[in-house]
Amino acid sequence: MVGVIRRHELTDPEWELLARAVTGRPRVEDREIINGMVYKIRTGISWRDLPARYGPWKTVYTRFRRYALDGVFTRGLQQTQAQADAAGDIDWLVQIDSTVVRAHQHAAATGRKGGSSGRTNRTITPSADPEEN
C-alpha cells in the first residue's frame, strides 16, 4: 500500500513489526485487513460499519478472531517489547500501590440489618457474535 496513511492506519514501521508475527500463507490484503482491525478498535464502531476500503467487514472480523485465538497479537506485543528492551527503551521498574479503601458495612446494600434489599445484582453479558446475525 503506497500513498496516504490515514489517521487510524499503521505506519510502515508499525506494519513491519506486526508482519513478522503473522504466520501462514501471505495474502495481498493483510495490511488493509489489519488496518481495518486497528480502525475498528480505535474508533469503537461495529464490525458492520467498517469502511469498504478495509475489505468486507466479515473478512476483517474473521481474521481478527483467528489472529486473537492463534496468539498473533500476543506474539507481536512480545516481539515489540523484546526489541524495545534490547534497545534499552523499556524501564522495567514496577511500582505497587497497596492502598486499601474500606467501606462501611451498610454501603454494601446486602439487605442485612436495615440495608436496602431491593437492589438486584446485574450481570454484564457479551454482545452477540456478528456471525450469528
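Here, residue 1 is the first one in the sequence, and each next residue gets the next number. When reading the values below, keep in mind they use all heavy atoms of this one structure, side chains included, and skip hydrogens, waters and symmetry mates.
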Notebook entry, point to check: Are side-chain heavy atoms of E14 and T80 found at a separation under 4.5 Å?
Noted result: no
Check: Do K40 and V60 come close enough that some side-chain heavy atom pair is under 4.5 Å?
Finding: no
Check: Under 4.5 Å between any side-chain heavy atoms of I34 and Y54, yes or no?
Finding: no
Notebook entry, point to check: How many angstroms lie between OG1 in T62 and CZ in R65, if you round to the nearest 0.5 Å?
Noted result: 9.0 Å
Next item on the list: Measure from the side-chain N and O atoms of R75 to the backbone N and O of D70, and report whether any donor-acceptor pair falls under 3.5 Å.
Entry: yes
Notebook entry, point to check: Partners of A84 by side-chain contact (heavy atoms from CB on, under 4.5 Å), sequence neighbours excluded?
Noted result: D89, I90
Notebook entry, point to check: Would you call the rings of W47 and F64 parallel, tilted or perpendicular, where under 30° means parallel and over 60° means perpendicular?
Noted result: tilted
Next item on the list: Please identify each residue that fulfils salt bridge (charged side-chain N to carboxylate O under 4.0 Å, His left out) with R53, with sequence neighbours left out.
Entry: E9
Check: Do W92 and D85 get their side chains close enough for a donor-acceptor pair, meaning under 3.5 Å?
Finding: yes
Next item on the list: May I ask you to test the I45-Y39 pair for a side-chain heavy-atom distance under 4.5 Å?
Entry: yes
Next item on the list: Kindly compute the distance separating CD (Q79) from OG1 (T74), expressed to the nearest 0.5 Å.
Entry: 11.0 Å
Margin query: Hydrophobic cluster membership, with links at side-chain heavy-atom distances under 4.5 Å among I/L/V/M/F/W/Y: are I41 and L77 in one?
Written below: no
Margin query: Run the side-chain contact (heavy atoms from CB on, under 4.5 Å) test against T59 and tell me which residues pass, sequence neighbours left out.
Written below: I33, P56, R63
Next item on the list: Apply the test side-chain contact (heavy atoms from CB on, under 4.5 Å) to residues Q78 and F73: give CA-CA distance (whole Å), side-chain angles for both, the deciding distance (0.1 Å), then the verdict.
Entry: CA-CA 9 Å; Q78 290 169 343; F73 301 122; over 6 Å; no
Note to self: I'd like to know if the side chain of N35 reaches the main chain of L10, judged simply by a donor and an acceptor atom lying under 3.5 Å from each other, with no hydrogens or angles considered.
What the structure shows: yes
